[in-house]
Amino acid sequence: MTVESQKETLGFQTEVKQLLHLMIHSLYSNKEIFLRELISNASDAADKMRFAAVKDDGLYEGDSDLRIRLDYDKEANTITLTDNGIGMSREDVVQNLGTIARSGTAEFLKQLSGDEKKDSKLIGQFGVGFYSAFIVADKVDVFTRRAGAPAEEGVHWQSAGDGEFTIEQVAREKRGTEIVIHLKPDATEFADGFRLRNLVKKYSDHISFPVVMKSEPTEEGEEPKDETINDATALWTLPRTEIKDEEYKEFYKHIAHDFEDPLTWSHNKVEGKLDYTSLLYIPARAPFDMYNRDAPRGLKLYVQRVFIMDDAEQFLPLYLRFAKGVVDSNDLSLNVSREILQNDATVDSIRTALTKRVLDMLGKLSKKDAGEYQKFWDEFGTVLKEGPAEDFSNREKIAGLLRFASTHTGESAQNVSLDQYIERMKEGQSKIYYITADNFMAAKSSPHLEVFRKKGIEVLILSDRIDEWMMGYLNEYSEKQFQDVARGDLDLGDVETEEDKKLKEEAAEEHKALLERIKTALTDRVQEVRVTNRLTDSPACLVTGDFDMGAQMKKIMEAAGQKVPDSKPIFEINVDHPLVQRLESEKGDERFNELSAVLLDQATLASGEQLQDPGAYVTRLNRLLLELAN
Ligand code: ADP
Ligand code: MG
């Protein structure tokens, strides 16, 4: 009986075309990784097969010996990879080998610059996958049949990687997938038994399934026999002492769909009340869609060595979504589903333990290699900053992992830890000071830092959008309180001498009338006017009340269309400043009011905020300038 073939030609989705182009041009010096990607897919397919057969072992069709075959043909210049995994239906093929399903891909690819060097870095954020076959192939054939489907529902897909593919129904006795790579003239080196064996050893030694090749012909002319050329035991099941760093790295690439090495990893077997193994990795680079809340995240879940699902997100909190890895539990049931995972006590306990593991792994990295830790921070720091709010119980640990820009280094790089800060604290200093602003420059030149500069006290500079919100969840670290330098009464602890304090009180007394006059002049715009201990060079500054919302938070809430609580700032005056002294001697009320308003507007600008009525400010200032000129 012949199967009606219905051969169709379809175009690749635009994103696939772009990705193919990028891959072929940026990975030509790294050609061999195609084999890892295809074996990785075959192994995933075998994992899925085994999982499907847990419910219905009829799907095995009498063949439960899951394996991957690798053949080559030197004359024909082909490599053929065959698996007896889950296989694909026609729709699966069109979907998987014709499109990229991840949302945000189009936007990601728009960043391509055409500069191959730059673009090749981008591909690391993406992962290469099946399409990497076209790094070495000028034509690829895929024959496949989904497990459980009738033999005549096989599919033949073919493409030269040039924009379109054909798809046709064919008969396939056996389930699973066969991929034939027709090697490009500059890639014929791969049609070689020795080379292929080496590559499988190098890249795929510890996937869970055997990779089988025919033995090479011998001089005695023996019949070739099947040989398993990889170790074929899942890496995480081996004792740590038996695993080389290289093997850990290759395994990471297999599970994380990444082709760069991870920064670090942690492998643990837990026995006792809970019984599970985890192998967790920190990638070196953030994926392109890290801030997309629907992007895939989580660990690969196995139960008693059987693959259950990808992206099991219940095992780590959201702020650790960059971590990748495997968890293999002996306590969960093979029938476990996402719904069950959501409220399962075992899962909760594992999650608590794995959260600690990731935090400890990061702590260890930071101690062992500050440079490597910095790489982590630069990629994932803003995600970790979600931690204090999400995970109250680990606040202290998370805080220890944070890195900040600081007045001490004077550079915008976030590379100062709280421990370093505490080590450098001044005698008599009991608080950790920080300033928040829209950007580093604005913070760095803020008048609020004047007294700190004078006293030589370090201030952490926080200018990420999330910072003020995060600080709302951090009260102290190492028993030292955090203090926003622009908030409330500034307490400099014992760094401020009794003398300083006395002078400030006296000044407040002496200039009481001035303060009241300013308060009257600005009555709608400030909640209080007082003498400052913050300033040395500027005439005035704005301070947020202890319990009022900070400027950055207000902006975030406004941008989100939320109602922002109404609160007026406190206006602090430097009574030693000539401008303030000039103000004090001003007799005319109108002029006094003008000058007060200008001082307030300037203080607003200096703290990086926008004026509510910039036009009025300019008019006032010009009027004063003209008077000067006359
Ligand atoms: P990824 O492995 O990251 O999902 P790939 O580009 O490597 O991306 O593969 C795309 C999809 O094609 C896979 O998710 C899988 O659904 C399907 N696929 C690829 N190779 C096979 C195979 N040998 N057997 C079954 N399905 C496969
Ligand atoms: Mg893949």
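All ligand and atom numbering here is 1-based and tracks the order in the structure. We count residues from 1, following the sequence as given.
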Could you check [atom] against the protein and tell me its nearest heavy-atom contact, residue, atom and distance included?
atom	value
atom 20 (N) of ligand 1	N41 CB, 3.3 Å
atom 3 (O) of ligand 1	H257 ND1, 2.9 Å
atom 23 (N) of ligand 1	D83 OD2, 2.9 Å
atom 25 (C) of ligand 1	A45 CB, 3.6 Å
atom 6 (O) of ligand 1	F130 N, 2.9 Å
atom 14 (O) of ligand 1	K48 NZ, 4.5 Å
atom 27 (C) of ligand 1	M88 CE, 3.6 Å

Consider every N or O of [X] and every N or O of ligand 1, then say whether any pair is closer than 3.5 Å.
X	value
N96	yes
Y131	no
D44	no

Open item on the list: With a cut-off of 2.8 Å, does N41 put an N/O/S atom close enough to the Mg ion (ligand 2)?
Closed with: yes
Are the aromatic ring centres of [X] and [Y] under 6.0 angstrom apart?
X	Y	value
Y248	F251	no
F190	Y72	no
Y302	W236	yes

Open item on the list: Show me which atoms of ligand 1 lie under 4.0 Å from any heavy atom of T177.
Closed with: 22 (C), 23 (N), 24 (N), 25 (C)
Open item on the list: Closer than 4.0 Å to some heavy atom of G129 - which atoms of ligand 1 meet that?
Closed with: 5 (P), 6 (O), 7 (O)
Open item on the list: Tell me whether the rings of F288 and F108 are parallel (<30°), tilted (30 to 60°) or perpendicular (>60°).
Closed with: tilted
Open item on the list: Ring-plane angle category for F12 and W157, please: parallel below 30°, perpendicular beyond 60°, tilted otherwise.
Closed with: tilted
Open item on the list: Can you confirm whether some protein heavy atom lies under 4.0 Å from atom 17 (C) of ligand 1, or whether none does?
Closed with: yes
Open item on the list: Given 3.5 Å as the limit, does a donor-acceptor pair link the side chain of N84 with the main chain of D65, or not?
Closed with: yes
Task: Under-4.0 Å salt bridge between D328 and R305 - done: yes
TODO: Output yes when D360 and K397 qualify as a salt bridge under the 4.0 Å nitrogen-oxygen rule, no when they do not.
DONE: yes
Task: Atom pair CG (D311) and CZ (R338), whose distance is rounded to the nearest 0.5 Å - done: 6.0 Å
